Structures are given as structure tokens and as C-alpha cells.
Amino acid sequence: MNQDIQIYNTLTRKKEPFQPLNPPHVGMYVCGPTVYSDVHLGNCRTFISFDLIFRYLKYSGYRVRYVRNITDAGHLEGDRDEGDDKFAKRAKLEQLEPMEIVQKYTLGFHDVMRMFNTLPPSIEPTATGHIIEQIEMVKKILENGFAYEVDGTIYFDVEKYSQTHNYTVLTNRNLEDMLANTRELSGQDDKRGRLDFALWIKAKPETLMQWASPWGPGFPGWHIECSAMSAKYLGQEFDIHGGGLDLAATHHTNEVAQSEACNHHQPAKYWMHTNMLTVNGTRMSKSAGNGFLPGELFTGSHPLLKKGYSPMTVRFFMLQAHYRSTLDFSNEALDASEKGFKRLMNAMSLLPKITASATGEISIGEIRKKCENAMNDDFNSPVAIAELFEAVRIINTLYDGGLKITADELQKLTELMQYFIYDIFGLKDEDNSNTAFNEVLDMVIALRREAKENKDYATSDQIRIGLQEIGIQLKDSKDGTTWSKS
RNA sequence: GGUCGAGUGGCCGAGUGGCUAGGCUCAGCUCUGCAAAAGCUGCUACAGCGGUUCGAAUCCGCUCUCGACCUCCA
């Protein structure tokens, strides 16, 4: 069990040693997608970041229960706690049942996550599956005096809460300023305070997704689901709560308030927030119209893309930046990642071809230590990747015969590369061609070798250039010819 | 307007006081029938102005620019 991990905690705004409440067990909750439309690449970045964190904790010897919810009800269009549910709106648009919308986009989300090679969470609970738990929690908050009812809708009383609690723990904002700024915008709703938010919302007669409650038919507010589900599966206090940075100011702030108002303590010991993916310096989002869908990225069918990029290229691109930094998206950056990823995977394919010597000049321990130190330092994947590229140079030189390595160190080198690239970074080789294809290509390479041996370079070049045109790059070396997709 | 954060070389992106980040690009060289790959070498940095220090990309102040949040958003 790795005891040297440091995690940046949004609550304290600094890196802290990671000390789980009940080691070796770790409870981690991450806010999942609202499945009313396709996930875009920015959404994916968060889930890929937490996949990295999940993997590293898991392979560091912790027994992680990773809960990532599916929001399939209760997410309203605006903050006014009125108007359409996102699902109802989309259902109308697509002429489907709301639950058909939920099913459609949940499946789509899972497909995308699989393509990015993320590990499935331990539990993936849905909001609609936990209505009872949410109602119970609302009841308790009412009993504790931090909420009030107006005509079948229950609101959380932020001003009351802030008399005894720090409402803005996560963002360090000044509540007075927030109230001063927002009160004048006050509309025609029933809330007492402008910062109050709905825990339970009264259904209109035409609302399709509604449930019975002590306050009449209605549906849960967005924030209460995560509080209810995290408490149910991880306990009232657990280790890590994560999500996108954009959720911190509203969603997570309200989650903290709900848990405090209900259970009298903070839900999570460490709050982790992943930063945004940007396009030309502006945050990627659906409303800004700069949101790439993963499918558009893979095929290159988006107008801002000049070509398609594979899921592993994109994953690698994201891992090359730290999760707390914004990452700017561009064709040039993706091109660079594509080549870097290829270089990395090429080294992986050379590894089994290296032969050990009786004596060696290389020691792998230090590189491994550097990689681990980087990951221990708040999951600094870009630095760990930089260290792996040192190993890549060594592998290439070994393959060319410029260095010697002992069998023992070669074993360590192989383990290092496999551990970080496959297990921690979740990367995989995409050149998984079928056997028949490989055999055909081997035959073509054999024919070309014959031509070369007869100094028939016209034929050999014809083969090489022909293959190049269909995306196969041949590489001649003294040990024979290898190939890769170009 | 308020709060928070950021400005690093041609591009992406690490790095919080002294030690090479790394990837991609570009130029040259080596190897190779050619090509590709690989290796070696080189090139262009820390927004600006002050300050602290023996020493600052890194700390402090000011200026400029940009972004995020404050309204649904990973």
C-alpha cells in the first residue's frame, strides 16, 4: 500500500498526504454525466482523469470503491427551479419517452468510455433508482430546520445554513457579495433567498417523470441525488469526492451544505476537481457550440478538425497535461500526441525483441522511482510520461545494439513499461490487426526481400510505396523488415 | 461588477529559489540501395516594469492580457 501519495484538496487549497479513513479501503465518488444528450470531449476529460486516479490508487494497493452516478432525472434547464426538466425537453424534441432518452444516452456514454479504455466504476447508481433515499434525506434536512416548503416544493435555506456553517468552503467566495449581487436579480419564484436551491420540486400535471412524496407528487432536485447516493454506498463520510471544476461553485457547494445539514459533517475528506478542456482558449461546452463529440473526433467529421484521431491518441493527449490544468485543444497538439503515442507504442513492440547480455550498463530502478514520485505528487502524469520517454530512448538504443542490459534489468524495464503504460495510463496498442492480415503482409514483405536480394529495387520500392499509400509503413533494419500503420 | 486562477521557446505542455522537463516541429549529421525508423547535435523561453536575494520562470508589488466561476454545463 503506497503511503506517499499527495492529493490537492480543494477544501484546503493545498496538497495533502493521502490518508484514507479506513485503509486499505478507499471510497471515491465522482459526479457522472447527465444523460440527456451525447457526452462531449470535455466531459470525457474528467472521466479519463478520474480513471487515471482510480487506476493509480488501485495499483498502489488500495481497495477502491469507485462510485460514479448517472443523472437521469431532476436536472433542470435553469436555476429558477421551474420550467422543463432536461430529459422532458429532450424527449419532446426527439419524440421519445424520457426513459428512452436516458437509455439511449447512457448506452452512448458507456460506448465512449469503453473506447477510451476507462475501467468501469464499482457502482454506477442512477438518480431514479434512489428516489426513496433522496426523499429521506430531504425529510431529515427539513427536520433539522435547514429547509422549508412552499406549495409542494422544498427549498434549502442557504441564509439560515450560513449562520452556523461556511456555505462557500469550496470556493472561498464572500457570501455577502454573492447575496448583494444576486438579490436584485430576484425573479418571481417562491424562494425566500436568492441562493436557496430546490431539494424537491413539485410536479406539474403534465410532468412525465414524477414520484409520490410526503409533499405531493414531484421529483428530486439535481444536487440531492449525489448526496443521497454517495452516502448510501460510501457512507456519510468517505475519502474522495471528485468532478469537473465547473461543478465546484454550485453543485458541490450544495452537496456539502446538504450533507452538513443532514448528517452534521462534511461528506468527503478530499475534494478533487479536474480542469476544463478548452478550444482556442475558451472552455468547451455544448452551449458555446465548440463541443466535439467523441465520434466526430475519431472520424474527423467536425469542421474544426482536419483529420480524425484515435481514442488512444486522445487519451494520451489528455494524460500529457496535468488534470488540474486547462488543456487547449488543437489539431497541432493532437498531431504531436499522435506521433508521441506512436513512438511510445513502437518502443513497446521492440521490447520483446531485445536480447539480454551477461553484463549490463543500465539500471532501471531510478526511472521507476521517478515515475512513481511523479504519480505520487498529485497524479502528475505528464512528468511520469516524460520519464517514460527516457526509457523509450534506452529501449531504442538497446534495440540498435548501442547498449547492453542484463536479463534481470530487462525484466524490470519490461515491467516498468507495461505497468505504467497499460495499467496506470490505460493505453493500449491499436494496431490489433487480425492474423490473416498479418500473414498476408508477412508474405508481401518476404517477396520484397527477395526482390531486394536480387537488387531489383524497382520492385521493392513499388511494394514499399504501394503499402505506404494504403497506410502501411515498412521499416528496414539489419534484422529484417517491420511495419507499422502510418 | 465580485471571486478565483493563468500568462513558459514555432506548437502542446511540466516545473515554486541555484541542477536537462518531455512530446511535436525545424536544421544538420550518423546508419541505410532509397525511404522510414532510430541515434547524435543544434535552434528559439519563462507577458512587462520594479523589488527581495549571493542567486528568481519560481517569492513580493504594480501594470497589461486572458480565462473560469458568480446562470445549465465535466
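Residue numbers begin at 1 in each chain, while the letters A, B, ... track the order of the sequences. The shown structure was predicted, so the numbers you read here are calculated from the model rather than taken from an experiment.
Between the side chains of A:His273 and A:His252, at least one donor N or O lies within less than 3.5 Å of an accepting N or O. If you check the side chains of A:Asn69 and A:Thr71, you find a donor sitting under 3.5 Å from an acceptor.
Using the Watson-Crick or G-U wobble rule with both distances under 3.5 Å, B:C66 pairs with B:G5.
Here A:Thr278 lies out of heavy-atom contact (under 4.0 Å) with every strand. At the heavy-atom level, A:Ala386 lies under 4.0 Å from base atoms of the strands shown. Counting any heavy atom pair closer than 4.0 Å across all strands shown, A:Thr168 reaches no nucleic acid atom. As judged by a 4.0 angstrom heavy-atom cut-off over every strand, A:Gly243 is placed among residues touching the sugar-phosphate backbone only. Among the atoms of the strands shown, none is found under 4.0 Å from any heavy atom of A:Arg324. Nucleic acid contact for A:Leu344: none, since no nucleic acid atom lies under 4.0 Å from a heavy atom of the residue. Within the 4.0 angstrom heavy-atom criterion, no nucleotide atom of any strand lies near A:Glu387.
Residues from residues 313-323 of chain A that place a heavy atom under 4.0 Å from any atom of RNA chain B, listed by number: A:Gln320, A:Ala321, A:His322. Contacts between residues 370-385 of chain A and RNA chain B, counted as heavy-atom distances below 4.0 Å, involve A:Asn380, A:Pro382, A:Val383.
Distance alone, capped at 3.5 Å, is enough to place a donor-acceptor pair between the A:Tyr309 side chain and the A:Asn331 backbone.
Separation of the A:Tyr155 and A:Phe197 ring centroids does not fall under the 6.0 Å cut-off. Ring pair A:Phe116/A:Phe298: centre-to-centre distance below 6.0 Å.
The aromatic rings of A:Tyr167 and A:Tyr161 stand perpendicular to each other, their planes meeting at an angle above 60°, with 30° marking the opposite boundary.
Between A:Arg464 and A:Asp476 no salt bridge is recorded (no basic side-chain N to carboxylate O distance below 4.0 Å). Between A:Asp335 and A:Lys339 there is no salt bridge, since none of the side-chain N atoms of the basic residue sits less than 4.0 Å from a carboxylate O of the acidic one.
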Summarise protein proximity over nucleotides 26-40 of chain B in one line of letters, 5' to 3': B for base, S for sugar-phosphate only, - for none, counting protein heavy atoms closer than 4.0 Å. -------BBBBSSSS
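When distances are taken from the side chain of A:Lys86 to each of B:A74, B:C72, B:C11, the shortest belongs to B:C72.
Look at CZ on A:Phe329: it is 18 Å from P on B:C11, rounded to the nearest Å.
Using atom P as the reference point in both B:C54 and B:A68, the two lie 42 Å apart (nearest Å).
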